[in-house]
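Below: the structure, in structure tokens.
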Amino acid sequence: MSTGRHALLLALAAGITGLGAWWLWPAPQGAAVAQAGATTRGPAPSEVPPSASAATAATLAGNGLAAATEDPFFTNDLRYRLEAALTDAGEADSPAALKQKLQAVLPRHFSASELARAMALMERYVDYRVALGAIKPPRDPGDPRALRLALGARDRARHQYFSEEEHRALFAREEALDRFTLARLEIERNPDLSPAQKQAALQDTLAELTPAQRQERVEAVQQMAVAAQTAALDARGASEAERYRLRQTQYGDAAALNLAQLDRENADWQARLSQYAEAQARQASAAQLGALRQTLFSEQEQLRLEAALSLRQQNAAPTPIR
């Protein structure tokens, strides 16, 4: 099985964290950090099967997702592995206490050879999340000037806590789209431009992107559309035939086939999670649970198992009335 990450996950994360919208999401990692407002959470990798191919949505655009660097530690999903570990760690009274809990959690998300680097990076990632809490969110998220100021403060925090190589691996994809989206918003909100002038300016802005950045934008837009469509199909329990027909019409045969395979992989992953969760609910012994883990999940999947189960519990919990 491939150990790549679900490409729709990357798309959702780009949509959620784009334009600095860290203020929209509750922090999952502990009371002190949550009170500081330090949130950048995107969908966790545990939401989808770790075996799902990261090339799925790239098929829509005909291009794959390149690794952030040649260093194997800096994978495209590094940020989401850190976020999954934070979710897995649960509540803590302070950032220091959270870091202690993460020492026990990280081996579930990183291999033994990665562990020392992951812990050093995670400690700074927690500090970075806390630092975000000191950044005042824009009163009007649609105000380009306010957004630019907030993004500038966010980017300074990132450069404070991470090396250039780490920064590229964690944030480069998001920031390239942020810059384009902010420029587009400034053009669209400019009252001095006619519709024709706005269209010309938007085309000029798009032309300034490199071919790779334009491809990233195409992929992000398409992936977000696919993700939204999939969520709607799931919500109404659409049949496999209906899913294929709609996707074929919109994205073509190859993408429809790939997305159908992704549906099957996700259903299989969720079924295996349910089987394991039911064994936990029956209070199976540690030995029985260990044997079940070995039977149901690959080594890579086991690294993300606890985060997946934790996320399931969070999603199943009723939303409190405020």
Side-chain angles (χ1 to χ4, degrees), residues 7-25 37 39-43 56-66 68 76 79 132 135-159 167-168 170-233 246-252 255 259:
L8 299 187
L9 165 66
L10 297 176
L12 281 171
I16 290 170
T17 60
L19 287 181
W22 62 86
W23 54 83
L24 299 179
W25 293 89
T39 56
T40 57
R41 181 178 180 270
T56 300
T59 301
L60 301 175
N63 201 352
L65 300 174
N76 280 317
R79 183 176 174 189
L132 286 183
I135 301 174
K136 186 177 181 180
R139 180 171 298 178
D140 176 9
D143 178 359
R145 182 176 179 277
L147 276 176
R148 186 174 291 279
L149 291 173
L151 287 176
R154 182 204 65 181
D155 292 347
R156 287 191 293 275
R158 290 176 172 178
H159 285 287
H167 181 272
R168 284 194 301 272
L170 293 170
F171 308 116
R173 175 177 178 141
E174 171 192 329
E175 289 182 0
L177 292 176
D178 279 355
R179 288 190 295 271
F180 172 81
T181 305
L182 181 57
R184 185 183 65 185
L185 183 60
E186 289 174 332
I187 292 168
E188 292 173 346
R189 290 294 186 95
N190 188 337
D192 298 327
L193 297 178
S194 68
Q197 289 173 322
K198 289 181 179 181
Q199 184 62 34
L202 288 171
Q203 290 300 318
D204 290 343
T205 300
L206 184 60
E208 292 175 3
L209 297 178
T210 66
Q213 288 171 335
R214 285 196 292 272
Q215 187 63 39
E216 287 282 338
R217 176 178 177 270
V218 169
E219 289 178 5
V221 171
Q222 289 181 323
Q223 291 165 5
M224 290 171 69
V226 171
Q229 183 189 64
T230 298
L233 292 171
L246 289 174
R247 289 161 169 172
Q248 181 189 39
T249 300
Q250 191 163 359
Y251 304 113
L259 289 166

Note to self: For the CD atom of Glu186 and the CG atom of Leu147, what is their distance to the nearest 0.5 Å?
What the structure shows: 9.0 Å
Checklist line | Any side-chain heavy-atom pair of Arg184 and Thr205 under 4.5 Å | finding: no
Margin query: If I take atom CG from residue Leu193 and atom CD from residue Gln199, how far apart are they, to the nearest 0.5 angstrom?
Written below: 12.0 Å
Check: Do Arg189 and Arg145 come close enough that some side-chain heavy atom pair is under 4.5 Å?
Finding: no
Checklist line | Side chain to side chain, Tyr251 and Gln229, heavy atoms closer than 4.5 Å | finding: yes
Item checked: Nearest-0.5 Å distance that lies between atom CG in Asn190 and atom NZ in Lys198 -> 7.0 Å
Notebook entry, point to check: How many angstroms lie between atom CZ of Arg158 and atom CG of Leu151, to the nearest 0.5 angstrom?
Noted result: 8.5 Å
Note to self: So which atom in Asp192 and which in Gln197 form the shortest heavy-atom distance, rounded to 0.1 Å?
What the structure shows: O-OE1, 3.8 Å
Check: With sequence neighbours excluded, what pairs up with Asp204 under the side-chain contact (heavy atoms from CB on, under 4.5 Å) test?
Finding: none
Item checked: Value rounded to 0.5 Å, distance of CZ in Arg148 from CG in Asp155 -> 10.5 Å
Note to self: Can you confirm whether Thr230 sits close enough to Arg247 that some side-chain heavy atom of one is under 4.5 Å from a side-chain heavy atom of the other?
What the structure shows: yes
